[in-house]
> 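Structure in structure tokens, see below.
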Protein chains: 2
Amino acid sequence: MQDIHMLLRQHRSIRSFSNEHVTDDDVEDIVISAQCASTSSHIQATTVIRVRDTDSLKQIAEAANNQRQITEAPVFLVWCADMHRIGLACEMAEGDMISGMTEQFISTTVDVALAAQNAVIAAEGMGLGVCYIGAIRNNPQVVTEILELPKHVYPVFGLCIGHPAEDPETKPRLPVKLILKEERYDDHNDRELIADYDETMNNYYQKRTNTKKVSTWSKEMARRYESERRPHMRDFLRNRGFEMR
Amino acid sequence: MQDIHMLLRQHRSIRSFSNEHVTDDDVEDIVISAQCASTSSHIQATTVIRVRDTDSLKQIAEAANNQRQITEAPVFLVWCADMHRIGLACEMAEGDMISGMTEQFISTTVDVALAAQNAVIAAEGMGLGVCYIGAIRNNPQVVTEILELPKHVYPVFGLCIGHPAEDPETKPRLPVKLILKEERYDDHNDRELIADYDETMNNYYQKRTNTKKVSTWSKEMARRYESERRPHMRDFLRNRGFEMR
């Protein structure tokens, strides 16, 4: 299935969409494909909320760094890690759900990500373009209120879907030698490989911005990690029933 | 691309593999496809460690609920969330990496899951079968020691890959109506939908076990969540530099 490998490798985020319609059936198809991903002990901890209401979309976009593709994409989905439904199931089976464990946070979050990535492949396989919106975690409380999320549900990320109105280049990835290791974590060549990649990314940034952006992967990482990003997440999650015990 | 939707929907875990070889090039191809998944602000926080050593595999299998597919699969990969490499990059750019934030834990864990799911699709597209091994989190300290993982790296899950020597049925998923919601989290029909699904799963279990297993999804969830699963995860992560601040 060579075309599947091609499809996976052609991925790039699409932030500009044409007016062409995406049908409700298409969205349902995409979500059904998402559900077919592996799920830890069959917990199926993913809930997807489709937001169409203009005001809701506007408020979510404002909460998420004003990313205009949230209001402009034909389809905007919020992917939630959901232990509320598991709680319902436990009640129905006359059991008590223990909540707040770190392990539950990991397994539900991973569940959502596996499902969403299946959705992305399904959508791209239909010729659609997508863009994940991690920035809904900039203000997850606003998103939680708009979507009326019950306790034990948290919004992991958004996903814009639509027909692409742009055709950006794919972004170079780290050398596979850096990513794929044998037997143990050996990093003695890693600085050298990162330095090579920094060169690649510098060329990429310059080409993409008409030489205006001069940066490297290392510099971007240092810029990103020198300050506390989204420091509210711990308390937000704790309030939502993910105490990380 | 109808065949991509077919591929996604035919997914089931494969736990029994033929002796047919998977080449090193195949594995590299799979990991390169994995890298093409979206990554939060290009952090590329995934490291994959291939374990071939018989003793290491045996120890990992013992730590992971004795799942025999770990030692029997032609390929066994451990997928790690890696902030150590980002730390190296920060040093190279003369920056100081802030670590231990809950948000970093989320973004790196999501990064790994998105990449791994791409790997799964790539492998299945080549006719291979896979099985995620979340049970490496049963004893993540042992896995960490065998793989000599540095601080700020944690093993999220394992993945077995090989040519299938079995052809199990796909496992029924929750009704899409339960998963895909409109505008807000409305659960007033959820008990009814879960009850329907419990019926479906009871039929599935009975058929698969020659009527020996009588259970439902709700019962399985209650069984799973009535006790503290992997309560060591918080302290393990804290010791590895994921303090969840």
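A, B, ... follow the sequence lines: proteins, then strands. Residue 1 opens every chain.
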> Measure distances from B:Met221 to the heavy atoms of chain A and classify the residue's part below 4.5 Å as side chain, backbone, both or neither.
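Both parts, backbone and side chain.
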> Return the option, out of A:Ala93, A:Gly95, A:Ala89, with the maximum number of heavy-atom pairs under 4.5 Å with chain B.
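Ranked by contacts with chain B, first place is A:Ala89.
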> In terms of heavy-atom proximity below 4.5 Å to chain A, should B:Arg191 be classed as side chain, backbone, both, or neither?
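For B:Arg191, the contact with chain A is made by backbone and side chain together.
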> So does A:Glu103 get a backbone contact from the side chain of B:Arg230, meaning a donor-acceptor N/O pair under 3.5 Å?
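No.
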> Just distance, no hydrogens or angles: give the donor-acceptor pairs under 3.5 Å from side chains in residues 110-117 of chain B, sequence neighbours left out.
from     : atom 1 : to       : atom 2 : distance (Å)
B:Asp111 : OD1    : B:Thr39  : OG1    : 3.3
B:Asp111 : OD1    : B:Ser40  : N      : 3.0
B:Asp111 : OD2    : B:Thr39  : OG1    : 2.8
B:Asp111 : OD2    : B:Gln44  : N      : 3.3
B:Asp111 : OD2    : B:Ala45  : N      : 2.9
B:Gln117 : OE1    : B:Tyr132 : OH     : 2.7
B:Gln117 : NE2    : A:Asn118 : OD1    : 2.7

> Tell me if the CD atom of B:Glu192 is crowded by more than 12 foreign heavy atoms within 6.0 Å.
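Not more than 12 within 6.0 Å, no.
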> Which heavy atom of B:Cys36 sits nearest a heavy atom of A:His11, and at what distance?
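So the minimum-distance heavy-atom pair works out to O-CD2, 3.2 Å.
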> Looking only at heavy atoms and a cut-off of under 4.5 Å, which of A:Ile106, A:Asp190, A:Asp187 has the most pairs with chain B?
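Ranked by contacts with chain B, first place is A:Ile106.
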> Please rank B:Arg50, B:Glu148, B:Glu183 by heavy-atom pairs under 4.5 Å with chain A and give me the top one.
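Most heavy-atom pairs under 4.5 Å with chain A: B:Glu183.
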> Check for a donor-acceptor pair, side chain of B:Arg173 on one end and backbone N or O of A:Ala37 on the other, with a separation under 3.5 Å.
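Looks like yes, one N/O pair under 3.5 Å.
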> Would you check if the side chain of A:Glu228 reaches a backbone N or O of B:Ile98 as a donor-acceptor pair within less than 3.5 Å?
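The answer is no, because no donor-acceptor pair under 3.5 Å joins these two groups.
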> When heavy-atom pairs shorter than 4.5 Å are enumerated against chain B, which of A:Thr109, A:Leu88, A:Ile30 gives the highest number?
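Winner by heavy-atom pair count: A:Leu88.
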> Non-hydrogen atoms of chain B under 4.5 Å away: do they reach the side chain of A:Ala195, the backbone, both or neither?
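For A:Ala195, heavy atoms of backbone and side chain both lie under 4.5 Å from chain B.
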> Tell me if the CG atom of A:Asp96 is crowded by more than 12 foreign heavy atoms within 6.0 Å.
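Atom CG in A:Asp96 is not packed in, count stays at 12 or less.
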> Could you report the tightest heavy-atom contact between B:Arg85 and A:Leu178, atom names first, then the distance?
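Nearest heavy atoms, B:Arg85 then A:Leu178: NH1-O, 3.2 Å.
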> Relative to chain B, which segment of A:Arg52 carries a heavy atom at a distance below 4.5 Å: side chain, backbone, both, or neither?
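Answer is both: backbone and side chain atoms of A:Arg52 are under 4.5 Å from chain B.
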> Of the listed residues (A:Asp198, A:Leu237, A:Asp82), which shares the most heavy-atom pairs with chain B below a 4.5 Å separation?
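The residue among A:Asp198, A:Leu237, A:Asp82 with the greatest pair count is A:Asp82.
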> Please list all pairs meeting salt bridge (charged side-chain N to carboxylate O under 4.0 Å, His left out) that have one or both residues in residues 25-34 of chain B, counting only residues at least two apart or in different chains.
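Residue pairs passing salt bridge (charged side-chain N to carboxylate O under 4.0 Å, His left out), neighbours aside: A:Arg9-B:Asp29.
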> So how far is it from A:Leu149 CG to B:Tyr185 OH, rounded to the nearest 0.5 Å?
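Spacing of CG (A:Leu149) from OH (B:Tyr185) equals 8.5 Å.
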> Using a 4.5 angstrom heavy-atom cutoff, name the option from A:Ser227, A:Ser99, A:Gly127, A:Ser41 with the most pairs to chain B.
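Sorted descending by pairs with chain B, the first entry is A:Ser41.
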> Between A:Cys90 and B:Ala222, which heavy-atom pair has the shortest distance, and what is it?
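What the structure gives for the nearest pair is SG-CA, 3.7 Å.
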> Please classify the contact of A:Phe76 with chain B as side chain, backbone, both or neither, using a heavy-atom distance under 4.5 Å.
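Neither; nothing under 4.5 Å.
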> Side chains of B:Arg229 and A:Gln104: closer than 4.5 Å at any heavy-atom pair?
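They are not in contact (no side-chain heavy atoms under 4.5 Å apart), so the answer is no.
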> Side chains of A:Ser107 and B:Arg224, heavy atoms from C-beta outward: is any pair under 4.5 Å?
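Yes, close enough: below the 4.5 Å cut-off.
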> Measure the shortest side-chain to side-chain distance between A:Met92 and B:Thr216 over non-hydrogen atoms and say whether it is less than 4.5 angstrom.
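A:Met92 vs B:Thr216: side chains apart.
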> If I measure from the heavy atoms of chain B, does A:Pro172 come under 4.5 Å with its side chain, its backbone, both, or neither?
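When you check distances to chain B, only backbone atoms of A:Pro172 fall under 4.5 Å.
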> Just one of A:Ile4, A:Val120, A:Leu7 clears the side-chain contact (heavy atoms from CB on, under 4.5 Å) bar with B:Ile121, so which one?
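Exactly one option meets the side-chain contact (heavy atoms from CB on, under 4.5 Å) with B:Ile121, and it is A:Ile4.
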> Checking B:Arg245 side chain against A:Arg234 main chain: does a donor-acceptor pair fall under 3.5 Å?
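No; judged by distance alone, with no hydrogens or angles, the pair does not exist.
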> Side chain, backbone, both or neither: which part of A:Val78 has a heavy atom under 4.5 Å from chain B?
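The answer is neither part of A:Val78.
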> So which part of A:Ser13 gets closer than 4.5 Å to some heavy atom of chain B, the side chain, the backbone, both or neither?
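For A:Ser13, the contact with chain B is made by the side chain alone.
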> Is A:Val130 in contact with chain B via its backbone, its side chain, both, or neither, using a 4.5 Å heavy-atom distance?
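Contact with chain B: none, neither part.
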> Quick one, B:Ile43 and A:Tyr225 - any side-chain contact, counting heavy atoms below 4.5 Å?
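In short, these two side chains touch, coming nearer than 4.5 Å.
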> Counting heavy-atom pairs under 4.5 Å to chain B, which of A:Arg223, A:Glu182, A:Met244, A:Lys219 comes out on top?
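Going by pairs under 4.5 Å, I would pick A:Glu182.
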